[in-house]
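Down below is the structure, laid out as structure tokens.
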Amino acid sequence: AQRVTQPEKLLSVFKGAPVELKCNYSYSGSPELFWYVQYSRQRLQLLLRHISRESIKGFTADLNKGETSFHLKKPFAQEEDSAMYYCALDRSNTGKLIFGQGTTLQVKP
Amino acid sequence: ETGVTQSPTHLIKTRGQQVTLRCSSQSGHNTVSWYQQALGQGPQFIFQYYREEENGRGNFPPRFSGLQFPNYSSELNVNALELDDSALYLCASSSRTSGGYNEQFFGPGTRLTVL
């Protein structure tokens with residue numbers, strides 16, 4: 001069965017420290033992977049998708065098919081990065097997302 | 001351009017009752033997906049509607065049903081409510097083209113509490 005796993009419920013770092021939010025998936029086909037973010041009192045919004053290969057707000061994520069991972073990274077965390085982050089999988093571009101359980105990122109001053 | 005809206009914001013029902021949640025899709029979008037998000041969990045796919053037809057369903061029983069209207073707005077209906085149906089219900093709209101699906105835009109959600 002397709003599954004997305006985010007092993008950390010909470011990641012707490014100091015401002016300026018590097019950040020890596022982990023995401024592993026199980027899917028035998030060619031996945032489309034996304035990171036969504038939800039800031040306090042805001043709605044869920046797309047942060048980045050692997051096919052675009054963009055860097056958004058300093059975040060990047062590389063799809064590693066060998067390790068079935070799509071970790072989200074940022075070299076220097078900012079306080080405004082504090083939010084809930086969800087990794088999501090779309091099988092064969094169907095528009096039906098499978099989400100992980102989410103990781104709360106807390107960036108301390 | 002108007003974003004995705006959902007109504008009501010909050011709702012309290014008792015076990016066995018029925019509920020209807022509403023979603024207005026973003027202008028230009030023809031696809032609506034519904035998700036259930038239990039406390040402390042990620043959103044879970046319920047079903048998707050494209051051009052007024054159900055276009056895929058997650059692991060939810062038939063008492064979860066939906067509609068999509070010609071203006072692409074949508075309803076989620078849940079019959080015979082159970083305590084475990086208490087959750088945040090999210091609606092997301094997107095546009096489907098020959099190349100696949102574009103970005104999904106989420107609404108603010110409806111918080112359903114079943115007592």
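Here the structure is a predicted model, which means the values were calculated and not measured. Chain letters run A, B, ... following the sequence lines, proteins first, then strands; residues in each count from 1.
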Under 4.5 Å from a heavy atom of chain A, the part of [X] involved:
X	result
B:Q48	side chain
B:Y50	neither
B:Q44	neither
B:S94	neither

Aromatic plane relationship, B:F47 with B:Y49 - under 30° parallel, 30 to 60° tilted, over 60° perpendicular: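 Taking B:F47 first and then B:Y49, their aromatic rings stand perpendicular (interplane angle over 60°).
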
Geometric class of the A:F70/A:W35 ring pair [parallel <30°, tilted 30-60°, perpendicular >60°]: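 Plane angle under 30°, so parallel.
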
Between A:Q106 and A:T104: side-chain donor-acceptor atoms closer than 3.5 Å: no

Donor-acceptor pair between A:D90 and A:T94 side chains, under 3.5 angstrom: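 Distance-only check passes for A:D90 and A:T94.
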
Carboxylate-amine/guanidinium proximity below 4.0 Å for A:D81 and A:K74: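 So A:D81 pairs with A:K74 through a salt bridge.
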
Most chain B-contacting option - heavy-atom pairs closer than 4.5 Å, from A:L97, A:I98, A:V4: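 The candidate making the most pairs under 4.5 Å is A:L97.
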
Toward chain B, the part of A:F34 with a non-hydrogen atom under 4.5 Å: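 It is neither, since no heavy atom gets under 4.5 Å.
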
